[in-house]
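The analysis underlying the following values was restricted to heavy atoms, covering all of them including side chains, and did not include hydrogens, waters or symmetry mates. Note on naming: letters A, B, ... go to the chains in the order of the sequence lines (proteins, then strands), and numbering restarts at 1 for each one.
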Amino acid sequence: MTGPAGDAPGRPGSRTGGPRGAQPPGCILAIETSCDDTCAAVVTAEGELLSNRIASQGLLHSRYGGVVPEVASRRHLEVLDAVRADALETAGVTLSDIQTVAVTRGPGLIGALLVGLSSAKALAAARALPLVAVDHLHGHVVAGTLGPDALEAPYLCLVASGGHTFIARVDDPARYTVLGSTLDDAAGEAFDKGARLLGLPYPGGPALDRLARGGNGEAFRFPRSAPATTGGRDLDFSFSGLKTALLYKIRDLGEAETERRRADLAASYQRAIVEALAARVRQAIERERLPRLAIGGGVAANSELRERLRTVCEEAGVLISVPPVELCTDNAAMIGAAARFTPAIPYPEYLDLDAAARLP
Amino acid sequence: MNVLGFDTSTAVSAACVLRTDGEAFEVFPAPGRLTAPPGHARELMPALARCLKQAGVGFPDLDAIAVGVGPGAFTGLRIGVSTARALAHANATELLPVSSLAALAAGSGERLSLPLIDAKRGQVFAALYDGAQARWEPFAAAPEVLAARLRAAAVDPLALGDGSVRFREVLEAAGVRVASAESGTHVVRGLSVCRLAAAAAPAPPDTVLPDYLRPPDAKPR
Ligand SMILES: [Zn+2]
């Protein structure tokens with residue numbers, strides 16, 4: 001189990017006012033099980049992050065070469081109660097201090113979502129608490145609004161992960177407007193597929209990032225996602241052509257040469273993804289004229305992307321907000337963050353609430 | 001003891017509150033619903049709330065939560081078990097896991113019963129009960145294989161449950177008796193779950209898991 005508990009801002013010991021364990025105002029328990037991480041967090045209505053616990057299933061799914069929904073759902077049920085207990089304990093509160101339960105309703109793997117949603121509904125109903133049904137993507141967009149350096153609207157947000165890639169405009173943290181999104185693969189998917197072609201273990205993103213550090217990003221030229229002509233929005237992405245280009249390049253080079261130039265291939269492939277994301281971000285900054293860019297999603301942990309976006313923002317004279325990695329990858333703190341800006345459903349109106357693999 | 005019992009191993013959410021005074025308040029879905037698509041996320045909690053309301057019992061007044069742990073449809077089982085664990089935890093009540101096949105058998109009214117729950121992919125989850133005693137432990141099999149096993153054992157139980165409804169033709173052709181289509185005995189009743197819970201050993205909530213009886217389809221590479 002991993003989490004930022006140790007130095008999380010606002011952990012009970014460092015909070016001002018009230019003894020440790022005193023009931024924080026508007027204490028929100030948040031649960032997130034939309035994909036392959038089992039997550040629970042406690043945040044306050046004021047945006048204090050009290051705990052953020054994640055049980056990653058990465059190793060479990062690496063045996064299968066990708067996330068297996070049935071395996072993920074089973075594991076969520078096995079560990080969710082322990083993760084929740086850990087989140088409460090780390091926050092220095094008990095279930096009786098919780099005043100609102102927040103949970104991811106979608107989008108995501110339906111069977112996985114249902115484990116968290118069922119648990120959240122029952123926890124809330126048992127004590128007649130209100131429930132907040134959170135859009136997972138809204139969570140990514142407002143993850144940076146927690147903590148002492150809270151991100152303030154308006155801002156642009158790039159969310160890039162294994163499941164989603166989009167740029168949004170946020171004028172008010174209660175909603176976001178998607179300006180462009182991927183038409184096919186998500187950026188993280190492109191990383192994983194490229195990594196697989198290069199013989200790297202799943203999940204491939206971090207491994208490819210490491211391999212690329214020893215290579216030349218200009219050694220090979222891979223296509224930079226540019227789908228604007230096919231009826232999409234200017235700021236849409238496309239990554240499916242990229243992995244095909246890598247596949248052909250590997251075929252052309254042959255086994256021995258591919259092996260010899262793996263680092264260059266990884267660096268050039270990563271460069272193409274990073275440049276595609278950076279180009280769209282630059283376009284969005286020029287068009288939308290907002291003072292700040294925030295990034296989120298697992299791909300936001302990529303070191304080259306972070307560097308590149310810092311440069312883009314510096315050149316454009318806008319501020320960049322890069323939350324810590326544990327707030328970028330899937331987590332429940334961001335679900336608690338979005339819950340602060342989402343109307344709560346009073347008991348018992350949420351009893352028939354269903355999960356949704358896709359949200360409109 | 002106030003017991004709340006429910007089962008989500010099939011397409012329907014069945015629930016019951018068995019009150020301290022022995023009175024039962026039940027949501028008993030119609031057997032016709034067993035072949036409809038499941039909707040546990042929409043139906044389970046409202047069913048629990050309805051039983052509690054009729055019984056005049058609140059969540060904090062419950063002494064035990066009893067849940068059917070399958071075997072059955074995986075997603076349904078997880079909704080039921082996840083709900084049960086959270087309720088038991090929130091109220092610090094006992095959690096009593098019950099076999100869904102045993103609960104089905106308990107509602108049969110016959111001495112020798114063959115509870116069958118649809119296992120998808122052409123199979124049923126089956127067990128053979130002599131009264132409350134399991135003569136055959138739960139297993140998954142194609143109905144033809146099950147019929148052959150019954151013939152070899154020379155037993156003549158009454159088959160019931162959505163698995164028997166689904167494979168009625170195959171089973172009857174093999175000489176297996178199947179309860180009539182409209183019979184309520186095809187439903188895993190909340191009342192049966194409550195009654196069996198009286199004999200079940202309480203389990204720490206976070207150790208209760210569905211009895212999947214079958215591994216996930218995916219194979220490690
Ligand atoms: Zn995500």
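Annotation: maximal heavy-atom pairing with chain B below 4.5 Å, among Leu117(A), Val71(A), Leu77(A), Ile110(A), occurs at Leu77(A). Of all the listed residues (Pro215(B), Gly39(B), Ala49(B)), the one sharing the greatest number of non-hydrogen pairs under 4.5 Å with chain A is Pro215(B). For the set Ala84(B), Ala47(B), Ala90(B), the count of heavy-atom pairs under 4.5 angstrom toward chain A peaks at Ala90(B). Options Leu209(B), Thr75(B), Thr207(B) differ in how many heavy-atom pairs under 4.5 Å they form with chain A, and the most are formed by Leu209(B).
Both the backbone and the side chain of Thr83(B) come within contact range of chain A, with heavy atoms under 4.5 Å apart. Using a 4.5 Å cut-off between heavy atoms, Leu123(A) touches chain B through backbone and side chain atoms alike. Both the backbone and the side chain of Arg74(A) have a heavy atom closer than 4.5 Å to some heavy atom of chain B. For Val68(A), the part sitting under 4.5 Å from any heavy atom of chain B is the side chain, from C-beta outward, and nothing else.
Taking each heavy atom of Pro203(A) and Pro206(A) in turn, the nearest pair found is O-CD, 3.7 Å.
For the pair His76(A) (side chain) and Glu32(A) (backbone), a donor-acceptor distance under 3.5 Å is absent. No donor-acceptor distance shorter than 3.5 angstrom exists from the side chain of Ser34(A) to the backbone of Gly108(A), with no hydrogens or angles considered. With hydrogens and angles ignored, the 3.5 Å screen pairs a side-chain donor or acceptor of Arg340(A) with a backbone N or O of Ala45(A).
Counting only residues at least two apart or in different chains, salt bridge (charged side-chain N to carboxylate O under 4.0 Å, His left out) contacts with residues 189-211 of chain B comprise Glu26(B)-Arg189(B). Listed by first and then second residue, the salt bridge (charged side-chain N to carboxylate O under 4.0 Å, His left out) pairs that reach into residues 6-20 of chain B are Arg19(B)-Asp21(B), Arg19(B)-Glu23(B), sequence neighbours excluded.
Checked against Ser56(A) for a side chain to side chain donor-acceptor pair (under 3.5 Å), the options Asp37(A), Thr38(A), Asp36(A) give a single hit: Asp37(A). Of the residues Leu208(A), Leu198(A), Leu211(A), the one that meets the side chain to side chain contact (heavy atoms under 4.5 Å, CB included) test with Leu265(A) is Leu198(A).
Contact residues of residues 343-351 of chain A toward chain B are Tyr347(A), Leu351(A) (heavy-atom distance under 4.5 Å).
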Tell me, with the steps shown, if Arg127(A) and Val101(A) meet side-chain contact (heavy atoms from CB on, under 4.5 Å).
CA-CA 10 Å; Arg127(A) 302 188 39 244; Val101(A) 179; over 6 Å; no
Distance-only criterion, 3.5 Å: show the donor-acceptor pairs between side-chain atoms of residues 55-70 of chain B and protein atoms not counting sequence neighbours.
from: Asp61(B); atom 1: OD2; to: Gly58(B); atom 2: N; distance (Å): 2.7
from: Asp63(B); atom 1: OD2; to: Asn2(B); atom 2: N; distance (Å): 2.7

